[in-house]
Amino acid sequence: KYKLNKPNFGLFHEKCFDLINSKNKSHITFIWSRIEGVLNSFNSLMMNEKINLNNLYQEVDQYIDILKQLAKKNDYLIILSWTLTQNERGKYLNDYIDDFGLTKNINQINTRIASQLKSESNIKFLNIDFWIKQDTTNFNPKLWYAAKVPFSQKTFQIAAEEFIKIIEMFGGKSKKLIVLDLDNTLWGGILGDLDWKKINIGGHNMLGEAFRDFQIKLKSLKNIGVQLAICSKNEEKNALNAIEKNPNMILKKNDFAAWRINWEDKAKNVDEIISELNLTNDSVVFIDDNVAERERVRGSLKGVIVPDWPEDPCKYVEKLQSLGFSNLQHFTYEDKNRTKFYQEEKKRKKNRKKFISYDKWLVSLKTKVHFEKANEKSKKRILQLINKTNQMNLSTRRISESELDKLIKDKDHHLFSCKVTDKFGDMGLVGVFSFRFLSNKIEVIDFILSCRAFGRSIEKSMLFKIIQIFKKKNFTKIIFKYLKTNKNKPCLDFLKDNLEIEKKNIFVYRKSTKFTQPKFLKLN
């Protein structure tokens, strides 16, 4: 639940200064203002008066200074770009060319604001032209004259939906996987009837182009870390053959982290894919053109997002865009290589079948775990793990980038990252732990491991690293305070198996605690 705090009309600056001077800190503040309501000089431009442009940009810089002060009072500050009113044309043909053109100046002002706030880690600058383009209704000027409403009701509805997505994103809720049907979803037609040469994708027809553009958008999402999977009622060999051989296919086999192509129940198949990739239901979106299949998955797998899908393929890209996948905060090495990580994980699981002994399999992987203190290079990935990991997470706390910066600089707070490699490849940065020294003990604050690294004793190596630090100091115990959530039971199970229970949800390691170091892991 969020408490909303909005200013009265015409009191923008007063409300900003109230927030700046407040003793309280807000989680998220959205700044949505009209340029003519903030910059007096821009009002003069709108009346075609000759002004000193230096004065205009001084006002812009004053506005930027206010935003920087506001940022200190918020975990996140979202600035919405300025745009011209819907009936304003400025100097029309000359509006981009004339030094006093409205379009020229508003674009330069938005760019100036964005560039000067780029270094502020908790400030985001959002282009609201995306919202206005989605509004196909006609703006009624009576709304402005009667109640000073500058946009249509549809624009505000779109804005509210986007605000919710942004709030959820900063709260750690993110969509990590899209599970896709094939026939009439990724291409037109039924593969079993048409063969791979005749499915409708690309070419020179309207629907084929629409399917191709849908795949292009999916590929772009995959390239920033959203995973793709297939769940289709088809013959697997024929489907993979079509994906690889049809020259108009944008998505190829290597673009998919997993697939279930068979004649079994789709809800069962989707559930298996989620388990295979170690994800939770609420991080998964299922896309299928068939209403019955959507209802089956929606009714069987609680939490999986199953959007109503348009019948017209020309609307597929628009629908996909509306799901909020483009709201990713940071793009890391792990995002770029996530599909590769999952494909390597498949090789590990296949290799596992060659060993009767699980321990001998673990030894065969030749796993190396590398620890290092948090730094500028690892910061973005660490922030991802803190804000998005739910299962192996001691407290499931969420922090902003500016708060992470403070923790990294805090001499009393020790924050480490954990990278893993083995004979199958580089798993990337998968773990984070942090602690602080108290008078006679170590208190662990964060203990986080990506779901991709479960089942390999990586979490044990993290605990062992803390114990090594503990043994070098004259402390009596290490304390883990477990904060229960709906999803972090795996962390509780790990604590119970490896530590002593001091009292409810408080686990400790003492010098007398029995703990076995994972011998098959090479630590450095």
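Numbers for residues simply follow the sequence, beginning at 1.
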S.K.: For Phe494 and Phe447, take the angle between the two ring planes, folded into 0 to 90°, and tell me which bin it lands in: parallel under 30, tilted 30 to 60, perpendicular over 60.
M.R.: parallel
S.K.: Is there side-chain contact between Leu279 and Cys451, with heavy atoms separated by less than 4.5 Å?
M.R.: yes
S.K.: I'd like to check Arg298 versus Asp308 (side-chain heavy atoms, cut-off strictly below 4.5 Å). Are they in contact?
M.R.: yes
S.K.: Less than 4.5 Å apart, any side-chain heavy atom of Thr396 and any of Asn390?
M.R.: yes
S.K.: Centres of the Phe416 and Phe371 rings: under 6.0 Å?
M.R.: no
S.K.: Would the number of heavy atoms belonging to other residues, nucleotides or ligands and lying under 6.0 Å from NZ of Lys72 be above 12?
M.R.: no
S.K.: For a 4.5 angstrom cut-off between non-hydrogen side-chain atoms, does Ile31 reach Leu80?
M.R.: no
S.K.: Going by heavy atoms in the side chains, are Val226 and Ile178 under 4.5 Å from each other?
M.R.: yes
S.K.: Under 6.0 Å from the six-membered ring centre of Trp361 and within 45° of its axis: does the NZ or CZ of Lys350 meet both?
M.R.: no
S.K.: Does either side chain, that of Asp422 or that of Thr367, offer a donor lying less than 3.5 Å from an acceptor on the other one?
M.R.: no
S.K.: Has Asn107 got a side-chain atom pairing as donor or acceptor with Thr103's backbone, closer than 3.5 angstrom?
M.R.: yes
S.K.: So how far is it from Ile64 CD1 to Tyr57 OH, rounded to the nearest 0.5 Å?
M.R.: 10.5 Å
S.K.: Quick one about His413 and Ser434 (side-chain donor to acceptor, distance below 3.5 Å, no hydrogens or angles considered), yes or no?
M.R.: yes
S.K.: Please find out if less than 6.0 Å separates the ring center of Phe286 from that of Trp309.
M.R.: no
S.K.: Measure the shortest side-chain to side-chain distance between Ile458 and Cys418 over non-hydrogen atoms and say whether it is less than 4.5 angstrom.
M.R.: yes
S.K.: Hey, what do you get for NZ (Lys380) to CG (Leu404), rounding to the nearest 0.5 Å?
M.R.: 12.0 Å
S.K.: Under the criterion salt bridge (Lys or Arg N to Asp or Glu O under 4.0 Å), I'd like the reasoning laid out for Lys419 against Glu372: C-alpha separation, chi angles, the key distance, then a yes or no.
M.R.: CA-CA 9 Å; Lys419 295 180 180 179; Glu372 66 177 10; 3.8 Å; yes
S.K.: What class does the angle between the rings of Tyr482 and Phe507 fall in, given that below 30° is parallel, 30 to 60° is tilted and above 60° is perpendicular?
M.R.: perpendicular
S.K.: Per the side-chain contact (heavy atoms from CB on, under 4.5 Å) rule, which among Glu59, Gln62, His13 passes with Val38?
M.R.: His13
S.K.: Who passes side chain to side chain contact (heavy atoms under 4.5 Å, CB included) against Ser22, sequence neighbours left out?
M.R.: Asn24
S.K.: Would you compute the distance between atom CG of Asn74 and atom OG of Ser26 and round it to the nearest 0.5 angstrom?
M.R.: 5.0 Å
S.K.: Side chains of Asp65 and Gln69: donor-acceptor distance under 3.5 Å anywhere?
M.R.: yes
S.K.: Using the benzene-type ring in the case of Trp, are the ring centres of Phe437 and His414 under 6.0 Å apart?
M.R.: yes
S.K.: Do Phe341 and Val430 have side chains that approach each other closer than 4.5 Å (heavy atoms only, starting at C-beta)?
M.R.: no
S.K.: Can you see which heavy atom on Arg348 is nearest to which on Phe424, and at what distance?
M.R.: CG-CD1, 3.5 Å
S.K.: Test of understanding: with side chain to side chain contact (heavy atoms under 4.5 Å, CB included), list the residues that count as partners of Glu36, not counting sequence neighbours.
M.R.: Arg34, Asn43, Met46, Thr85
S.K.: What verdict does the side chain to side chain contact (heavy atoms under 4.5 Å, CB included) test give for Lys175 and Ser283, after you've listed the backbone C-alpha separation in whole Å, the side-chain angles of each residue and the deciding distance to 0.1 Å?
M.R.: CA-CA 4 Å; Lys175 305 176 187 73; Ser283 66; 5.9 Å; no
S.K.: If you measure only the distance, is there a donor-acceptor pair under 3.5 Å linking the side chains of Thr339 and Gln227?
M.R.: yes
S.K.: What is the distance from atom OG1 of Thr476 to atom CZ of Arg510, rounded to the nearest 0.5 Å?
M.R.: 8.0 Å
S.K.: Should Val60 and Ile113 count as side-chain neighbours, where that means a heavy-atom distance under 4.5 Å?
M.R.: yes
